[in-house]
Amino acid sequence: MINLTLKQLSAMLAQKQLSSVELTQSCLERIARLDPGLNAFVTVDAEKSLAQARAADALIAAGRAQPLTGIPVAHKDIFCAKGWRTSCGSKMLANFVSPYDAHVVEKLNAAGAVLLGKTNMDEFAMGSSTETCFFGPVRNPWDRARVPGGSSGGSAAAVAARMAPAAIGTDTGGSIRQPAALSGICGLKPTYGVVSRYGMIAFASSLDQGGPMAKSAEDLALMLNAMAGFDARDSTSLERPAEDYTAQLELPLQGLRIGVPKEYFGAGLCADVAAAVEAALAQFERLGATRISISLPNSGLSVPAYYVIAPAEASSNLSRFDGVRYGYRAPEYANLADMYCKSRAQGFGAEVKRRILIGTYVLSHGYYDAYYLKAQKIRRLIAQDFAAAYRQCDLILGPTSPSVAFALGAKSSDPVQMYLIDIYTVAANLAGLPAMSIPCGFGEGGMPVGLQLAGNYFAEAKMLNAAHQYQLATDWHLRQPAGTE
Ligand code: GLN
């Protein structure tokens with residue numbers, strides 16, 4: 001049962017071969033057995049989840065089921081969920097119980113999905129390894145001595161270890177795609193504005209986007225159907241007709257033009273990853289796609305631009321955590337200013353403080369033009385590179401991450417090394433474009449390799465079509481880590 005797709009589980013639920021209570025119970029049992037060695041979940045509340053499962057079973061019995069009714073979904077702990085602790089991986093919010101639901105959570109609830117638990121993450125989603133969390137690092141189910149990627153590493157590990165059939169994450173600079181790649185699952189970051197950010201704790205508002213994580217492209221499509229949609233409470237939410245992301249899955253890939261940027265295959269890319277991605281390209285050619293060499297000339301500037309813009313926005317967003325309204329407050333202080341200082345000094349971890357300092361610096365008078373404004377201009381150039389590329393090709397293909405998952409602790413003392421591994425993912429966020437990662441083989445140490453498929457604005461269905469056709473012809477996405485049986 002643990003390897004079934006959402007569609008198969010949904011059919012079993014509809015035919016009463018399985019109840020949502022049984023399915024949820026079996027996920028909870030797997031969490032109890034496997035999670036002590038992985039640390040993917042921060043909060044599990046069996047009573048709450050089972051109550052939702054019972055409600056889902058009632059909907060199914062009444063003939064009112066939708067595709068996700070009764071399906072347990074793990075939520076990155078950045079999504080506010082009413083009555084659930086929502087910590088964002090931080091001591092600052094370690095005791096915060098949300099009084100309301102994020103839009104995505106409302107949508108999943110309305111679809112009849114079961115909230116299976118809140119997953120571990122880098123503190124405030126700042127990181128690429130899920131090691132900066134207040135609740136300790138997450139371990140990669142393929143090798144517990146390695147990181148699962150980040151910042152949605154808890155959601156990735158939960159799906160990879162088959163503790164949850166699907167999960168939700170957020171992607172500001174790669175945090176859905178990179179952990180999906182390093183943990184051997186699928187993840188999709190939609191076009192900016194497709195999924196509402198309401199109730200998704202803000203990191204860098206112009207880059208943040210929620211999205212699904214699951215075992216297959218088809219599962220991602222079903223999840224995205226339930227997550228996407230206009231929400232007046234997010235001023236950047238897009239008002240457009242609802243789209244069925246499963247509608248194009250079965251189309252043949254004949255004539256699909258796949259752009260391969262030369263900048264994504266240069267120095268810094270590990271040979272094992274390059275080989276797996278090359279093999280995947282050959283598979284796409286066998287499926288009828290044509291390969292087109294393209295150039296994204298400003299690719300090398302995406303990490304520097306991102307690490308100016310993201311911290312700038314974070315420094316502003318995180319100013320709300322001041323010990324006054326909610327969140328951590330220092331137990332002892334002399335006066336109001338001292339309370340602010342001590343609460344923030346004690347409540348935030350090292351990486352979050354580093355970002356706040358960088359962000360405050362690049363926004364300060366005298367440096368704004370040199371750093372922040374310059375980064376915004378580069379951001380525009382990067383978007384123009386993509387606009388030019390999408391006049392030549394339909395999708396862009398490349399590696400998601402330059403290497404397979406690395407050892408825990410290997411990069412934590414060197415922030416620049418950690419930032420540089422975001423090289424292939426941050427550009428999509430800077431441009432607001434959709435991109436996804438799917439498994440395409442194994443590399444060093446038997447660790448999974450991820451393939452990135454990126455598209456023009458609103459090309460999610462086209463990307464999912466390509467990924468689904470690839471998955472019909474290959475079985476990388478069906479592999480399960482040893483020791484998670
Ligand atoms: N690794 C990137 C960062 O640390 C991206 C994180 C994310 O997408 N949330 O900022």
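FYI, side chains are in, hydrogens and waters are out, and symmetry mates aren't considered; it's all heavy atoms of this structure. Numbering of ligands and ligand atoms starts at 1, following listing order. Predicted model only: the values in this text are computed from it and were never measured.
- With ligand atoms numbered from 1 in the order given, ligand 1 contributes 9 (N) to contacts under 4.0 Å with heavy atoms of S151.
- Taking the charged nitrogens against the carboxylate oxygens, R355 and E123 have no contact shorter than 4.0 Å, which rules out a salt bridge.
- Here R177 has no heavy atoms under 4.0 Å from ligand 1, in either its backbone or its side chain.
- Residue-ligand proximity, D171 to ligand 1, at heavy-atom distances under 4.0 Å covers atoms 8 (O).
- By the 3.5 Å distance cut-off applied to N or O atoms, D422 is counted among the residues near ligand 1.
- In this structure, the side chains of V97 and W84 stay at 4.5 Å or more apart for every pair of heavy atoms.
- Distances from ligand 1 to the non-hydrogen atoms of A310 include no value under 4.0 Å.
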Audit row: E218, S216, side chain to side chain donor-acceptor pair (under 3.5 Å) steps and yes/no: CA-CA 5 Å; E218 186 176 34; S216 70; 5.1 Å; no

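- Any N or O atom pair closer than 3.5 Å counts here, and G173 shares at least one such pair with ligand 1.
- Under a 4.0 angstrom heavy-atom cut-off, E351 registers as lying outside contact with ligand 1.
- In terms of polar-atom proximity, G150 is not counted as a contact of ligand 1, lacking any N or O under 3.5 Å from an N or O of the ligand.
- Aromatic ring orientation, Y306 versus F203: perpendicular (interplanar angle above 60°, classes split at 30° and 60°).
- A perpendicular orientation is assigned to the rings of H75 and F79, their planes being inclined by more than 60° (bins at 30° and 60°).
- Near A125, meaning under 4.0 Å from one of its heavy atoms, ligand 1 places the atoms 6 (C), 7 (C), 9 (N).
- Of the protein's non-hydrogen atoms, Y307 OH, 3.2 Å is the one closest to atom 3 (C) of ligand 1.
- The closest protein non-hydrogen atom to atom 5 (C) of ligand 1 is Y306 OH, 3.2 Å.
- Atom OH of Y100 sits about 4.0 Å away from atom SG of C80, to the nearest 0.5 Å.
- Salt-bridge check for D234 with R197: passed, with a basic side-chain N closer than 4.0 Å to an acidic carboxylate O.
- Using the six-membered ring where Trp is involved, Y326 and F321 have ring planes that are perpendicular, over 60° apart on the 30 and 60° scheme.
- Atom 6 (C) of ligand 1 has S175 OG, 2.8 Å as its closest protein atom, hydrogens excluded (heavy atom only).
- Aromatic ring centroids of Y470 and W476 lie 6.0 Å or more apart.
- When each atom of ligand 1 is checked for a heavy atom of G127 under 4.0 Å away, the hits are 1 (N), 2 (C), 3 (C), 4 (O), 6 (C).
- In the vicinity of F203, heavy-atom distances shorter than 4.0 Å reach the ligand 1 atoms 9 (N), 10 (O).
- Taking 4.0 Å as the cut-off between side-chain N and carboxylate O, R233 and E106 count as a salt-bridged pair.
- For the pair M126 and ligand 1, the shortest N or O to N or O distance does not fall below 3.5 Å.
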